[in-house]
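This report concerns only the one structure given below.
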Amino acid sequence: VTSDTIASGITLAGTTTLSSHLVMGDNDIIKIGDGADLQIYHSGTHSFVSNTTGNLYIQDDGYVEIGSQSGEVYVGAVKDGAVNLRYDNNIKIVTKADGVDITGELQADSLDIDGNADITGNLVVAGADHTFYSGAADVDFSIGRSSDQALSINVDDNNIKLTALQDADSNSTHAFILNRAFGGTGANNFEVQKDGSMQFRIDTSGNATFTGTVDIDGASL
């Protein structure tokens with residue numbers, strides 16, 4: 001080769017080794033594959049890695065990182081380990097063996113949770129007119145220290161129950177029930193129970209029934 005330019009191209013049968021850089025101009029394309037399926041080039045404004053057939057794989061058995069020339073990391077991933085996403089070089093999302101660890105606020109238009117939710121801080125619901133509901137036939141919603149020390153709201157086909165479960169001093173369970181058909185005594189009664197037994201009831205006619213003594217100003221009825 002006696003010239004700096006080969007006008008008609010060149011075909012090499014063996015391996016090509018360069019002792020210096022491969023210098024290409026804007027929109028000059030490195031084409032790889034029988035149909036030039038993988039192409040690498042610079043448009044003069046942007047750089048492209050373009051694949052038109054199959055999948056594009058970036059493979060490494062160690063650590064893979066996408067970041068800036070100044071050293072800021074955008075995404076990092078390690079084999080058999082975590083993948084992390086960063087904002088301004090600060091890790092915000094990290095995958096782990098049992099799920100995902102999020103640092104900061106999780107903002108979403110909707111949230112679907114298939115299992116339990118453990119909240120160590122406060123649950124703050126902003127705004128007004130919120131609805132908590134379930135499509136199940138029998139729903140229990142409890143607030144408290146444990147399953148046996150809680151205030152429970154239960155809704156089924158017949159009753160709406162507000163129940164104070166046994167507390168730390170072993171006091172009995174108390175229930176306040178607004179029902180639609182309780183024990184065949186009619187619809188829409190209001191009833192107070194202790195350990196499952198009726199203590200006080202007001203029926204749809206306004207009649208009140210007590211199982212114990214009624215004290216009014218010290219006088220027993």
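What you see is a predicted model; the values in this text were computed from it and never measured. What's counted below: heavy atoms across the whole structure, side chains too, no hydrogens, waters or symmetry copies.
With rounding to the nearest 0.5 Å, the separation of CZ in Phe210 from CD in Gln199 is 11.0 Å. Asp37 contributes atom CG, which lies 8.5 Å from atom CD of Gln39 (distance to the nearest 0.5 angstrom). Between atom CD1 of residue Ile29 and atom CD1 of residue Ile32 there is a gap of 12.0 Å, rounded to the nearest 0.5 Å. With values rounded to the nearest 0.5 angstrom, Asn51 atom CG is found 5.5 Å from Leu56 atom CG.
Counting only heavy atoms from C-beta outward, the side chains of Lys79 and Asp61 approach each other to under 4.5 Å.
Between the side chain of Asp88 and the backbone N or O of Asn90 there is no donor-acceptor pair closer than 3.5 Å. When atom types are taken as modelled, the side chain of Asn89 and the backbone of Val73 share a donor-acceptor pair closer than 3.5 angstrom.
Residues Ser43 and Thr45 bring no donor and acceptor atom of their side chains to less than 3.5 Å of each other.
Residue Val83 comes nearest to Ala77 through the heavy atom pair CG2-CB, 3.8 Å, listed as atom of the first residue, atom of the second, then distance. Of all non-hydrogen atoms in Asp28 and Tyr41, the two that sit nearest each other are O-CB, 3.5 Å.
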N/O donor to acceptor pairs below 3.5 angstrom from side-chain atoms of residues 14-25, sequence neighbours left out:
none

*Please report the C-alpha distance between Leu38 and Val49 in whole Å, then the side-chain angles of each, then the deciding distance to 0.1 Å, and finally whether the side chain to side chain contact (heavy atoms under 4.5 Å, CB included) criterion is met.*
CA-CA 7 Å; Leu38 176 61; Val49 177; 4.0 Å; yes

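Each of Val94, Thr95, Asp101, Thr103 was scored for a side chain to side chain contact (heavy atoms under 4.5 Å, CB included) with Asn84, with one residue passing: Val94. Tested against Arg86, the residues Ile91, Ile93, Val75 include a single side chain to side chain contact (heavy atoms under 4.5 Å, CB included) partner, Ile91.
For Asp60, there are no salt bridge (charged side-chain N to carboxylate O under 4.0 Å, His left out) partners at least two apart in sequence or on another chain.
Other residues, nucleotides and ligands contribute more than 12 heavy atoms inside 6.0 Å of the NE2 atom of His130.
The stretch residues 56-94 participates, sequence neighbours left out, in no ring pair (Phe, Tyr, Trp, His ring centres under 6.0 Å) pair at all.
Transitive grouping of hydrophobic side chains (ILVMFWY, heavy atoms separated by less than 4.5 Å) keeps Ile66 and Ile58 in distinct clusters.
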